[in-house]
*Asks:* 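Have a look at this one before I ask anything.
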Amino acid sequence: MLLGAAANAQVSTSQTQPGQVTVTWSRVEGAVSYQVAVRDWVGDTISTAATTQTAVSLRLSPGTYYVRVAAIDLFGKPASYSPWRQIQVYRSVPPRPTSVEPRLLYRRTGSRELLVSGSDFLPGVRCQITNGGRSFGDATVEETAPDGLRMRIDTSALPAGRYSLRLVNPGGSPAAKELSLTLVNRTRPSLESMSLATGYNDQAYRGVTIGGRGFRRGIRLALRRPGTRIEAYRIAVESRDRMIATFDLTGAPAGRYDLVATNPGGLSARLRSALTVRAIGAPRFASMSPSVVTAGRRPYGFTVRGSGFIPATVFLLKNGNILLPATLVGSPLPAAARLALPPGALAPGRYDLVIENGLAFQVVVPGALTVRPEPATELEALSARSGTDAQLLRGVRLSGRNLRHGERFYLQGGGTLIPVAATIVSPSRALLDMDLRGKADGLYGLVVYEDGRPAGSLPGGFTVLPRTKPVPSFISISGGWTSMILLPTGSQTDLGNSLEGGDLVVALSLGNRFLAPIPVVRQLGLDIDVGYNGLSASVAAAQSSGELGLWHVGTDLFYKTDFRFPVNLIARGGWGLVLSDFSESSPIAAASGTSTDLYVDAGGGIELLIAGAVPIELTAGYQRVLYAGANLDSLNLTLQAGIEVGG
């Protein structure tokens, strides 16, 4: 009897327990029994077994083995053996899973594939599915490798919820870590609005807002029309009813497009005719106003009229090889465009207007704009001509012509530039704030700079004065003449009663700050007055004739404002001793004598300086001589001339 070839027997192996291997094969026609031979990896036969069945169970230690099967005929003779088949016997260890992808599944009909990563996965590993202690069977393991599994689960058979995946190797060794899987119901989105209603096929549109309901993270968006699909990208789901996306319409065919949104899980919604795509064409130019402007520091604004303008139209002004982009600031496109350029962008000259709807559609208008030179700035006068080195002057008025915003003003003198804050009120008027505190004394001119270049000046227009003088400042020696008008005690004043005499003053002048910001010089000096008058004087109630001579020596305190040139103001006050003699004759008797008394005086006037060093003073004052018996009052007028030493 001829047996079928044992080589045709399909031998397979499986392991259900550690070291327990089951060898199975297909039946051979005419075979009475079968012989199974096992050898180790070095070629030594370690086991043979005879059986009438088509399967045999072997107990093997972990390692690599080879197995073959032969059919035995009626005479007990074996036919040819099947090829050797390798067996790998594993030691049962716990698997080590690390992750499962995807971790989130949407319920729908059919099974879903899962990929598990990790290590120590053995053939025959099982994956148990549980939820809250309830078992939902095993997943179907389709492919096993030591570092990963591929398996499938039927999502339609499971309710929505959070599941644990427990992996168990053959031999009952479970993994220490369970993987988590979330199963959610599918949600159908709803589309209600789209912020972009019309687009052009030469650009991408960012920040397009879509409104609706039921949006989930991972949602997909696409613009659809017959034969064309445009996928959105950079989709940001801000809430379940709002998302933002970017659509690239470059090269898209013109026409109407539906918006299609598809949530994870496959449910979708459609917003019909959500977007109209238009193809760009060549722009047309009609006019530009103004067509003549003056170069300056103010922003430039223009209106360009024509047709075929789109939001992506580029407007350029060309002067030689220089191209200046203009900013589109809003217009009723496509009929007109409002353009803006920053201050100072246009130099004098003629400019061409370039209009571009993409690089393929361009119009050049030669000489569309003429820019005239900017007029020069002229400075005329300041409302304040001086200030001290301790002042912050605010609101100083400057008059001039062609004053412009953006110009910088300075006080310039002695190699020093003092910045001046300026507020341009009009082309002919500005208000200046000058911070003179701590600045050097002297004569300054006002200059204006534009773009780092001088644009105008007012030479010698301002003086910075010192607030104080060094101590000591100067010594003043002067002499002059004083006329005194006596004021009798009676009600009638005899203007003829007057005394005249010489006056010599030696004074030390010091700086002072107590009347700031008006600079003041304080003088402390010795005033010697020598005089004699032989005129008749009515010094008594009765009619009499006599002579009165007065000599006095004392100390006066002088205050002078330090304007220095050409006029100072003077205040003075002092005290001293009066030496007097008198003689008197009358029809009844004659008398004569001398006396020494105190006096006090006060007054003020002006000082005229010649060449800044020779002072001429004119002062008027009041003097009271404190006689023992009766007071003598007088008005005095003094003229002094002298010299000042120091400085």
*Asks:* Centroid separation under 6.0 Å, is that true for the rings of Tyr34 and Trp25?
*Replies:* yes
*Asks:* Can you check whether Leu249's main-chain N or O pairs, donor with acceptor, with Asn201's side chain at less than 3.5 Å?
*Replies:* no
*Asks:* Do Thr303 and Arg338 have a side chain donor and acceptor closer than 3.5 Å?
*Replies:* yes
*Asks:* Taking atom CD of Gln53 as the centre, does the number of heavy atoms from other residues, nucleotides or ligands within less than 6.0 Å exceed 12?
*Replies:* no
*Asks:* Should the heavy atoms of other residues, nucleotides or ligands under 6.0 Å from CZ of Arg162 be counted, would the total exceed 12?
*Replies:* no
*Asks:* So which atom in Thr187 and which in Gly214 form the shortest heavy-atom distance, rounded to 0.1 Å?
*Replies:* CG2-O, 4.0 Å
*Asks:* Is the distance between the ring centroids of Phe315 and Phe309 less than 6.0 Å?
*Replies:* yes
*Asks:* Grab the two heavy atoms, one from Pro95 and one from Pro174, that are nearest each other, plus how far apart they are.
*Replies:* CD-C, 4.0 Å
*Asks:* Do Tyr233 and Glu231 get their side chains close enough for a donor-acceptor pair, meaning under 3.5 Å?
*Replies:* no
*Asks:* Mark yes when over 12 heavy atoms from residues, nucleotides or ligands other than Arg96 sit less than 6.0 Å from its CZ; otherwise mark no.
*Replies:* no
*Asks:* Looking only at non-hydrogen atoms, find the nearest pair between Leu316 and Glu356 and report the distance.
*Replies:* CD1-OE2, 4.2 Å
*Asks:* Near Arg220 CZ, under 6.0 Å, is it more than 12 heavy atoms from other residues, nucleotides or ligands?
*Replies:* no
*Asks:* If you look at every heavy atom in Leu105 and Pro102, which pair is closest and at what distance?
*Replies:* CD2-CG, 3.4 Å
*Asks:* State which residues pass side-chain hydrogen bond (donor to acceptor under 3.5 Å, both in side chains) with Arg234; sequence neighbours excluded, sorted by chain then number.
*Replies:* none
*Asks:* Please check this pair: side chain of Asn357 against backbone of Gly281, looking for a donor-acceptor N/O pair closer than 3.5 Å.
*Replies:* yes
*Asks:* How long is the gap from OG1 on Thr52 to CD1 on Ile72, to the nearest 0.5 Å?
*Replies:* 12.0 Å
*Asks:* The criterion is side-chain contact (heavy atoms from CB on, under 4.5 Å); which residues satisfy it with Ala295, sequence neighbours excluded?
*Replies:* Tyr300, Pro348, Val371, Glu374
*Asks:* Short question: side chain of Ser82, backbone of Val69 - any donor-acceptor pair under 3.5 Å?
*Replies:* yes
*Asks:* Would you say Asn131's side chain and Tyr163's backbone share a donor-acceptor pair under 3.5 angstrom?
*Replies:* no
*Asks:* Is it the case that Arg240 places NZ or CZ above or below the six-membered ring of Phe215, under 6.0 angstrom from the centre and within 45 degrees of the axis?
*Replies:* no
*Asks:* Begin with the C-alpha distance, continue with both residues' side-chain angles, and end with the deciding distance and a verdict on side-chain contact (heavy atoms from CB on, under 4.5 Å) for Leu183 and Tyr106.
*Replies:* CA-CA 6 Å; Leu183 189 63; Tyr106 292 87; over 6 Å; no
*Asks:* Nearest heavy-atom pair of Leu165 and Cys127: which atoms, and what distance?
*Replies:* CB-SG, 3.9 Å
*Asks:* When you measure from the side chain of Arg278 to the backbone of Thr198, do you find a donor-acceptor pair of N or O atoms at a distance under 3.5 Å?
*Replies:* no
*Asks:* For Ser156 and Arg108, which I'm curious about, is there any donor-acceptor pair between the side chains at under 3.5 Å?
*Replies:* no
*Asks:* Is there a donor-acceptor pair under 3.5 Å between the side chain of Arg186 and the backbone N or O of Gly265?
*Replies:* yes
*Asks:* Please determine if Arg68 forms a cation-pi arrangement with Tyr81, meaning its NZ or CZ atom is less than 6.0 Å from the six-membered ring centre and no more than 45° off the ring axis.
*Replies:* yes
*Asks:* Would a distance-only check, ignoring hydrogens and angles, find a side-chain to backbone donor-acceptor pair under 3.5 Å from Ser195 to Thr209?
*Replies:* yes
*Asks:* Quick one: do Asp258 and Arg270 make a salt bridge, cutoff under 4.0 Å?
*Replies:* yes
*Asks:* Which pair of heavy atoms, one from Ala326 and one from Leu341, lies closest together, and at what distance?
*Replies:* CB-CD1, 3.6 Å
*Asks:* Show, in sequence, the C-alpha distance, side-chain angles and deciding distance for Leu324 and Leu346, and conclude whether the side-chain contact (heavy atoms from CB on, under 4.5 Å) test is met.
*Replies:* CA-CA 9 Å; Leu324 300 174; Leu346 297 177; 3.5 Å; yes
*Asks:* Could you check whether any side-chain N or O of Arg305 sits under 3.5 Å from a backbone N or O of Ser287, counting only pairs where one atom can act as donor and the other as acceptor?
*Replies:* no
*Asks:* Rounded to the nearest 0.5 Å, what separation is found between the OG atom of Ser273 and the CZ atom of Arg225?
*Replies:* 10.5 Å
*Asks:* Treating Asn169 as the side-chain partner and Asp120 as the backbone partner, does any N or O pair qualify as donor plus acceptor under 3.5 Å?
*Replies:* yes
*Asks:* Would you kindly say whether Asn185 and Arg107 are connected by a side-chain donor-acceptor distance under 3.5 Å?
*Replies:* yes
*Asks:* Taking side-chain hydrogen bond (donor to acceptor under 3.5 Å, both in side chains) as the definition, give me every residue that meets it alongside Thr182, ordered by chain and number, with sequence neighbours left out.
*Replies:* none
*Asks:* May I ask you to establish whether Arg408 and Tyr449 are in a cation-pi arrangement, using a distance under 6.0 Å from NZ or CZ to the six-membered ring centre and at most 45° from the ring axis?
*Replies:* no
*Asks:* Using a 3.5 Å distance criterion without hydrogens, assess whether the side chain of Thr313 forms a donor-acceptor pair with backbone atoms of Ile310.
*Replies:* yes
